[in-house]
Amino acid sequence: LGRHLLAGMNAARRILCVSHATCSELIAAAMVPAERVVVVPNGVHPSYTARPEADADREADSLLGPVGDPRAELLHAASTIPRKRSDVLLEVVAAWRRRDPRLRLIRVGGPFTAKQRRLVRRLGLGDAIAVLPPVSRRVLASIYRRAALLLQTSDREGFGLPVAEALTCGTPVVASDVPALREV
């Protein structure tokens with residue numbers, strides 16, 4: 001796969017990168033000439049907005065229960081692949097819950113891995129996490145709006161679309177200090 005990607009990049013007139021961070025890494029690796037690389041950041045779907053949407057809000061409420069204290073819901077919208085650092089996410093949530101047991105983590109992006117579920121049990125977070133099935137953009141936007149903040153604990157990103165989506169919905173973000181997330 002790597003050889004095919006490199007062959008494709010070498011044959012391309014222009015290579016689009018979704019962030020300056022990704023562009024810089026590609027150029028630093030001397031994989032392609034800098035003059036052929038262009039940055040075109042991702043955008044967010046029009047569903048992501050700070051404006052409430054009654055139908056989507058009702059569907060989010062059916063999945064999560066009615067909105068309570070908005071400071072109590074933290075959101076993580078990502079896969080569970082290693083670079084997303086779910087272990088760091090869970091340790092952070094556990095530390096915050098020691099200070100405020102009302103906190104609940106809303107997890108969108110699929111179930112935790114077996115190793116991550118063991119960490120959830122070890123940290124005593126079983127009753128503090130709601131793992132949702134895949135949801136529509138409209139419902140995800142509603143979940144962003146109701147969350148106190150989005151947690152993005154990745155150690156590498158090319159762009160960080162959940163960060164852009166959350167900010168567009170008016171939700172504050174606490175993210176790892178990596179170039180692409182700073183850029184977003």
Side-chain angles (χ1 to χ4, degrees), residues 1-2 5 18-19 21-22 41-49 53 55-68 70 72-97 102-181 183-184:
L1 178 61
L5 288 173
V18 296
S19 67
T22 300
N42 286 328
V44 297
H45 190 274
S47 297
Y48 298 103
T49 174
E53 186 188 331
D55 290 342
D57 293 346
R58 278 191 293 279
E59 192 171 339
D61 288 352
S62 74
L63 292 167
L64 296 169
V67 176
E73 291 184 339
L74 309 175
L75 176 61
H76 184 245
S79 70
T80 57
I81 60 175
R83 72 178 171 83
K84 299 296 184 175
R85 296 305 308 264
S86 294
D87 57 330
V88 172
L89 169 77
L90 295 169
E91 295 282 353
V92 166
V93 171
W96 278 352
R97 275 193 47 94
R102 298 172 306 145
L103 293 178
R104 172 170 78 152
L105 176 64
I106 309 301
R107 166 105 184 89
V108 178
F112 286 117
T113 65
K115 182 178 179 181
Q116 292 161 349
R117 287 191 303 274
R118 286 191 297 275
L119 181 57
V120 166
R121 284 191 298 278
R122 185 175 65 75
L123 295 170
L125 294 174
D127 64 341
I129 300 174
V131 177
L132 298 182
V135 297
S136 69
R137 287 184 179 115
R138 292 173 36 259
V139 173
L140 181 55
S142 178
I143 295 167
Y144 279 126
R145 287 190 296 270
R146 73 182 269 164
L149 59 88
L150 173 79
L151 296 171
Q152 187 77 17
T153 53
S154 305
D155 63 11
R156 288 185 333 274
E157 286 292 340
F159 182 74
L161 192 56
V163 171
E165 292 168 345
L167 292 171
T168 301
C169 290
T171 303
V173 174
V174 173
S176 299
D177 187 18
V178 297
L181 296 180
E183 186 175 333
V184 172

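In this chain, numbering begins with 1 at the start of the sequence shown.
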Salt bridge flag under 4.0 Å for residues R83 and E157:
yes

Should L103 and V93 count as side-chain neighbours, where that means a heavy-atom distance under 4.5 Å?
no

Could you check if a side-chain atom of V139 sits within less than 4.5 angstrom of a side-chain atom of L63, using non-hydrogen atoms only?
yes

Do E59 and S62 have side-chain N/O donor and acceptor atoms under 3.5 Å apart?
no

About how many Å separate CZ of R138 and CG of D57, when rounded to the nearest 0.5 Å?
9.5 Å

Residues two or more places apart in sequence or in another chain: which of them pass side-chain contact (heavy atoms from CB on, under 4.5 Å) with A95?
R98

Stepwise side chain to side chain contact (heavy atoms under 4.5 Å, CB included) test for R145 and E53:
CA-CA 10 Å; R145 287 190 296 270; E53 186 188 331; 4.0 Å; yes

salt_bridge(D155, K84) N-O dist < 4.0 Å
no

Do the charged groups of D61 and R146 touch, with an N to O distance under 4.0 Å?
yes

V108 side chain reached by L140 side chain, heavy atoms, under 4.5 Å
yes

To the nearest 0.5 Å, what is the distance between CD1 on I129 and CZ on F112?
4.5 Å

Looking at V88, is its backbone amide N or carbonyl O close enough to the side chain of T153 to form a donor-acceptor pair, meaning the two atoms are under 3.5 Å apart?
no

cation_pi(R137, Y48) dist<6.0 Å, angle<=45:
no

Does a salt bridge link D55 with R58, judged by any charged N lying under 4.0 Å from a carboxylate O?
yes

Presence of salt bridge, E91 and R85, under 4.0 angstrom:
no

With sequence neighbours excluded, tell me which residues meet side-chain contact (heavy atoms from CB on, under 4.5 Å) with S19.
A21, T22, F159, A180, E183

